Enquirer: 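Sharing a structure below in structure tokens format, with a few things to ask.
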Amino acid sequence: MTIIDSLTQTISLALNDLYAIGQAPADIVLQDTRRDFKGDYTLVVFPYVKQARKSPEAVGQEIGSYVKERLDVVDGFNVIKGFLNFEVADSYWLQFVCEKGKDERYGTKQPDLESSPVVVEYSSPNTNKPLHLGHIRNNLLGWSVSQLLAANGANVKKVNLVNDRGIHICKSMLAWLRYGNGETPESTGLKGDHLVGKYYVEFDKHYKEEVKQLMESGVEEEQAKKDAPLMQEAQQMLKRWEEGDSEVRALWEKMNGWVYAGFDETYRRLGVGFDKVYYESNTYLLGKELVQKGLDMGVLFRKEDGSVWCDLTGDGLDQKLLLRKDGTSVYMTQDLGTALLRHNDFGAEQLIYVVGNEQDYHFKVLKLILGKLGFSWAEKVYHLSYGMVELPNGKMKSREGTVVDADDLIDEMEKTAEEMSREHGKNDELSAEEQRHLYYILALGALKYFILKVDPTKNMLFNPAESIDFNGNTGPFIQYTYARIRSIVRKAGESQDWKSGDEKLNDKERLVIKILHSLPDTIEAAAEAYSPAMVANYAYDLAKAFNSFYQDTPILRETDPQLKAFRVCLCAFVAHALRNTMNILGIEVPERM
RNA sequence: GGCCCUGUAGCUCAGCUGGAUAGAGCGAGAGUCUUCUAAACUCUAGGUCCUGCGUUCGAGUCGCAGCAGGGUCACCA
């Protein structure tokens, strides 16, 4: 039982005994006392003054006395206006550090592998071009949310649904046949996904030329786009693909193979991975049986032309097409099918989709239709809808060449990390390999933290020119704090024998301990909100409080052995918390830097 | 135009279910390394929380209206 439970329970009793107000402990909200007031936890008494028929001051005094009398861990209290501030005894905090300080996994729960899985889909790239900054946000979020839910005890399965078929891939294939001269990743030294992306661009270039010529000969733009020979050919190639044409399939497999090798490399550098990878070429026909089921159930209907629809006007939306009149399916149909497949594959209770907010409408509809089809788990489908990454001059546009390539960005970050590190010159004694690993950790730490610290639902700005900072509220700042702590703990000889005694805490220590104390609640709240940002901000608060403590409190230099042992223990505790929170963000922490 | 999201310091962002005098980082200014890693710490300056009305003992937070920005309204995925 934490201090907060003790307080709310006793306050509940106080309200009942003093004023006959029935208020369950769970409904009593305590907040952290503001920095500029004395105390640790604050009860706002305004809500009770009416029923108590007393002044806020009086109510505060009475509840305060009541609680102090019954709880040893409450040292004292003060009332300012309607705010009752409880002061928690140092003995409680010391006891807490003693109990939890050595827990390497502090703050995280063991995932319950017996429980029904939560399936998180993220990444889901197209295979016609390399990953860019937008994908990076997706991948980091998907990975981190998975880590977060697992840290909160969920049985998480990460899946990727690769869009490996369709007209866009045919465009790359066609362009490569036409203009590629048999180029391969090996012959060019290009990463496979970049090579294929190059031909996607190549297609676009020639295609535009054709459209332009057609328009000059008097064809309307819309018609020209359809009639352009390249487009016709791409369409034809898609058709041959669907018919299983062996030549087309072979080419498709070859080029997709290049792309996967490229993606794997990028995933590896980003430190993300999956429990299962789905391919649309295997799943794109799914969903049709569901449509039939829906027709039988009467929740879907067929129009005269034979097309099948779902009427969502009752839910304030439009009608949604599910089968074209020729019987072919659309994106939504496929997604209905894959949702069911995934539910069945894993026995999943919850499906989470990490997909950009431009698809809010799609997922709203998906959820509604799954519900109409009678799936009880539909209501637990969750669209983790994240905002766009914008550049200083607006959205990324491939045609304007403003797309920030994922691999290039990581390269840049590593270069910057190396420069910064060399400037500081603290790592000369590390081996070349250790140094390289350090630069990598710092580069990714900076990048990941920068992206994950902002609320996923919001659009964010990325300024490539200013690049990403390594000072202040950044990943490296937290990594640096960790490295400093590790240095202390190593010097102190790792395990310190310390039992809580009657140490007197200073304000800096108390603040650090209070932040540590709130970690389990923070992780729970972050998991409920699907927000790695809350974890990132927590890690920053903790690191900042620690640095402030470190600055003016002697640790190894402390002459009182008992006090010294306690502080080393506190340091190690902070290190665990930092490592665990950073781990949730997918960020490694260095032993030295 | 309908629906959805966003609007907090010069810039990038926090601010949980409404609670005290709205917080960080960067940038600007001033300090702190003979002392456990200065990628750090301390101090200063910087605000009409987009605007208005409302609900409330109390609104950055909730409701309505407006303004601004973005997204989306495909037999594309």
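Numbered from 1 within each chain, the chains take letters A, B, ... in sequence-line order. Owing to the predicted nature of the structure, the values given are computational and were not obtained by experimental measurement. These values consider heavy atoms only, across backbone and side chains, with no hydrogens, waters or symmetry-generated copies.
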Enquirer: Classify A/Pro56 by what it touches in the nucleic acid, base, sugar-phosphate, or nothing, heavy-atom distance under 4.0 Å.
Expert: nothing
Enquirer: Would you check if A/Leu322 and A/Ile369 make a side-chain contact, meaning some heavy-atom pair closer than 4.5 Å?
Expert: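 Yes. Closest side-chain heavy atoms under 4.5 Å.
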Enquirer: Please state the C1' separation for the pair B/rC33 and B/rG47 - nearest whole angstrom.
Expert: 35 Å
Enquirer: Take A/Asn128 and A/Ser172, measure what side-chain hydrogen bond (donor to acceptor under 3.5 Å, both in side chains) needs, and give me the verdict at the end.
Expert: CA-CA 6 Å; A/Asn128 61 324; A/Ser172 294; 5.1 Å; no
Enquirer: Evaluate the criterion side-chain hydrogen bond (donor to acceptor under 3.5 Å, both in side chains) for residue pair A/Asp164 and A/Thr127; output intermediate values, then yes/no.
Expert: CA-CA 5 Å; A/Asp164 61 342; A/Thr127 60; over 6 Å; no
Enquirer: Quick one, give me the B/S/- string for nucleotides 23-28 of chain B, reading 5' to 3', where B means a protein heavy atom under 4.0 Å from the base and S means that only happens at the primed atoms, P, OP1 or OP2.
Expert: SSSS--
Enquirer: Please report, rounded to the nearest Å, how far the C1' atom of B/rC3 is from the CG atom of A/Leu368.
Expert: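 Taking atom C1' of B/rC3 as the reference, CG of A/Leu368 is at 14 Å.
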Enquirer: Between protein and nucleotides 72-77 of chain B, map the contacts as a letter string: B base, S sugar-phosphate only, - none, heavy atoms under 4.0 Å, written 5' to 3'.
Expert: SS-BSB
Enquirer: Students often get this wrong, so: under 4.0 angstrom with heavy atoms, is A/Met593 touching a base, only sugar-phosphate, or nothing?
Expert: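 Since a base atom lies under 4.0 Å of A/Met593, the category is base.
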Enquirer: Name the pairing partner of B/rC3, where a pair is Watson-Crick or G-U wobble with both distances under 3.5 Å, or state none.
Expert: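 Checking every strand shown, B/rC3 finds its partner in B/rG71, with both distances under 3.5 Å.
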Enquirer: Return the orientation label for the A/Tyr353 and A/Phe363 ring planes: parallel under 30°, perpendicular over 60°, tilted otherwise.
Expert: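 If you compare the ring of A/Tyr353 with that of A/Phe363, the planes turn out tilted.
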Enquirer: Provide the distance between the two P atoms, one in B/rG54 and one in B/rA59, to the nearest whole Å.
Expert: 12 Å
Enquirer: Base, sugar-phosphate, or nothing for A/Ser421, non-hydrogen atoms under 4.0 angstrom?
Expert: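 Since a base atom lies under 4.0 Å of A/Ser421, the category is base.
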Enquirer: Please state the P separation for the pair B/rC67 and B/rA9 - nearest whole angstrom.
Expert: 22 Å
Enquirer: Would you tabulate the pairs of protein nitrogen or oxygen atoms and nucleotide nitrogen or oxygen atoms of nucleotides 6-9 of chain B closer than 3.5 angstrom?
Expert:
| from | atom 1 | to | atom 2 | distance (Å) |
| --- | --- | --- | --- | --- |
| B/rG7 | OP1 | A/Lys458 | NZ | 3.4 |

Enquirer: Determine whether a donor-acceptor pair (one donor, one acceptor, N or O, separation below 3.5 Å) exists between the side chain of A/Thr42 and the base of B/rA20.
Expert: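 Indeed there is one.
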Enquirer: Has A/Phe477 got its ring stacked on B/rA40, by the test of a centre gap below 5.5 Å and a plane angle below 30°?
Expert: no
Enquirer: Using the P atom in both, what is the distance from B/rU12 to B/rU44, to the nearest Å?
Expert: 25 Å
Enquirer: Please state the P separation for the pair B/rA74 and B/rG27 - nearest whole angstrom.
Expert: 47 Å
Enquirer: Between A/Asn537 (CG) and B/rC13 (C1'), how many Å, whole number?
Expert: 8 Å
Enquirer: Which whole number of Å gives the distance between the C1' atom of B/rC43 and that of B/rU6?
Expert: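 Those two atoms are separated by 35 Å.
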Enquirer: So which nucleotide from B/rU21, B/rC57, B/rG71 ends up closest to the side chain of A/Lys81?
Expert: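 Given the options B/rU21, B/rC57, B/rG71, the side chain of A/Lys81 is closest to B/rU21.
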Enquirer: Quick check, does A/Phe83 stack with B/rA20? I mean ring centres under 5.5 Å and planes off by under 30°.
Expert: yes
Enquirer: Can you find a heavy atom in the side chain of A/Thr328 that is under 4.5 Å from one in the side chain of A/Leu323?
Expert: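 Answer no - side chains too far apart.
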Enquirer: In Watson-Crick or G-U wobble terms, both distances under 3.5 Å, what is the partner of B/rA28?
Expert: B/rU44
Enquirer: So A/Phe566 and A/Trp498, would you call those rings parallel, tilted or perpendicular, with 30° and 60° as cut-offs?
Expert: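 Ring orientation of A/Phe566 relative to A/Trp498: tilted.
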Enquirer: Which of parallel (below 30°), tilted (30 to 60°) and perpendicular (above 60°) describes A/Tyr331 and A/His362?
Expert: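 Correct class here is parallel.
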Enquirer: Kindly assign one of parallel, tilted or perpendicular to the pair A/His132 and A/His135, based on the angle between their ring planes and the thresholds 30° and 60°.
Expert: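 Answer is tilted, since the angle falls between 30° and 60°.
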Enquirer: Pairs in or reaching into residues 49-61 of chain A: which pass side chain to side chain donor-acceptor pair (under 3.5 Å), with residues at least two apart or in two chains?
Expert: A/Lys54-A/Glu62
Enquirer: What contact category does A/Val49 fall into here, base, sugar-phosphate, or nothing, at under 4.0 angstrom with non-hydrogen atoms?
Expert: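 Contact class for A/Val49: none.
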Enquirer: What's the base orientation of B/rC33: syn (chi within 90° of 0) or anti?
Expert: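 Glycosidic conformation of B/rC33: syn.
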Enquirer: Using purine N1 to pyrimidine N3 plus N6-O4 or O6-N4 for Watson-Crick, or N1-O2 and O6-N3 for G-U wobble, both under 3.5 Å, which nucleotide pairs with B/rA38?
Expert: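 Partner of B/rA38: none found under 3.5 Å.
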Enquirer: I'd like to know whether the aromatic ring centres of A/Trp252 and A/Tyr279 sit less than 6.0 Å apart in this structure.
Expert: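 So the answer is no for these two rings.
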Enquirer: Hey, does A/Tyr48 have a side-chain heavy atom less than 4.5 Å from the side chain of A/Pro56?
Expert: no
Enquirer: Under 3.5 Å for both donor-acceptor distances, Watson-Crick or wobble: does B/rA65 have a partner, and if so which one?
Expert: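 Matched B/rA65 with B/rU51 under the 3.5 Å cut-off.
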Enquirer: About how many Å separate NZ of A/Lys453 and CG of A/Asn473, when rounded to the nearest 0.5 Å?
Expert: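 The CG atom of A/Asn473 sits 4.5 Å away from the NZ atom of A/Lys453.
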Enquirer: Using whole Å, what does the distance between atom C1' of nucleotide B/rC3 and atom CG of A/Leu312 come to?
Expert: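 Atom-to-atom, A/Leu312 to B/rC3, this comes out as 14 Å.
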Enquirer: Can you tell me which nucleotide in B/rG70, B/rA40, B/rA20 comes closest to the side chain of A/Thr33?
Expert: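 Closest of the options to the side chain of A/Thr33: B/rA20.
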Enquirer: Could you measure between the two P atoms, the one in B/rC5 and the one in B/rC49, and give it in whole Å?
Expert: 23 Å
Enquirer: If the P atom of B/rG25 is compared with that of B/rG70, how far apart are they to the nearest Å?
Expert: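 Here B/rG25 and B/rG70 have their P atoms 32 Å from each other.
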Enquirer: Only pairs at least two apart or in different chains count here, so list each salt bridge (Lys or Arg N to Asp or Glu O under 4.0 Å) that has a residue in residues 320-335 of chain A.
Expert: none
Enquirer: Check for me: is A/Tyr550 stacked on B/rA40 by the 5.5 Å centroid and 30° plane-angle rule?
Expert: no
Enquirer: Need one value for A/Asn128: base, sugar-phosphate or nothing, where a base atom within 4.0 Å counts as base even if backbone is also close, heavy atoms only.
Expert: nothing
Enquirer: Starting at the 5' end of RNA chain B and moving along, which residue's nearest nucleotide shows up first, A/Leu438 or A/Arg557?
Expert: A/Arg557
Enquirer: Categorize A/Val44 for me: base, sugar-phosphate, or nothing, with a 4.0 angstrom heavy-atom threshold over every strand shown.
Expert: base
Enquirer: Apply side-chain hydrogen bond (donor to acceptor under 3.5 Å, both in side chains) to residues A/Glu524 and A/Asn152 and explain how you reach the verdict.
Expert: CA-CA 6 Å; A/Glu524 236 175 81; A/Asn152 197 38; over 6 Å; no
Enquirer: Just to be sure I understand the rule, does A/Ser487 reach a base, reach only the sugar-phosphate, or reach nothing, if contact means heavy atoms closer than 4.0 Å?
Expert: base
Enquirer: With RNA chain B as reference, determine whether A/Met534 or A/Asp552 sits nearer its 5' end, using the nearest nucleotide of each.
Expert: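 Its nearest nucleotide being more 5', the pick is A/Met534.
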Enquirer: With both distances kept under 3.5 Å, what pairs with B/rG19, Watson-Crick or G-U wobble?
Expert: B/rC57
Enquirer: Among residues two or more places apart or on two chains, list those pairs meeting salt bridge (Lys or Arg N to Asp or Glu O under 4.0 Å) that have a residue in residues 530-555 of chain A.
Expert: A/Lys508-A/Asp552
Enquirer: Hey, are the side chains of A/Ser307 and A/Leu321 touching, using non-hydrogen atoms and a 4.5 Å cut-off?
Expert: yes
Enquirer: Assign A/Thr553 to base, sugar-phosphate, or nothing according to its heavy-atom contacts below 4.0 angstrom with the strands shown.
Expert: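 Answer is base: heavy atoms of A/Thr553 come under 4.0 Å of a base.
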Enquirer: Touch check for A/Ala529, heavy atoms < 4.0 angstrom, all strands: base, sugar-phosphate only, or nothing?
Expert: nothing
Enquirer: Calculate the interatomic distance between A/Glu524 atom CD and B/rU17 atom C1'; express it in whole Å.
Expert: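 Nearest whole value for this atom pair: 14 Å.
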Enquirer: Heavy atoms under 4.0 Å, any strand shown: does A/Ile488 hit a base, just sugar-phosphate, or nothing?
Expert: sugar-phosphate
Enquirer: Rounded to whole angstroms, how far apart are CZ on A/Phe37 and P on B/rG19?
Expert: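 The answer, rounded to whole Å, is 15 Å.
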Enquirer: For A/Asp360 and B/rG70, give me the distance from atom CG to atom C1', rounded to whole Å.
Expert: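 In whole Å, B/rG70 C1' lies 12 Å from A/Asp360 CG.
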Enquirer: Whether A/Thr522 contacts B/rC16 is assessed here as follows: a side-chain N or O lying under 4.0 Å from the phosphate OP1 or OP2. Is that the case?
Expert: no
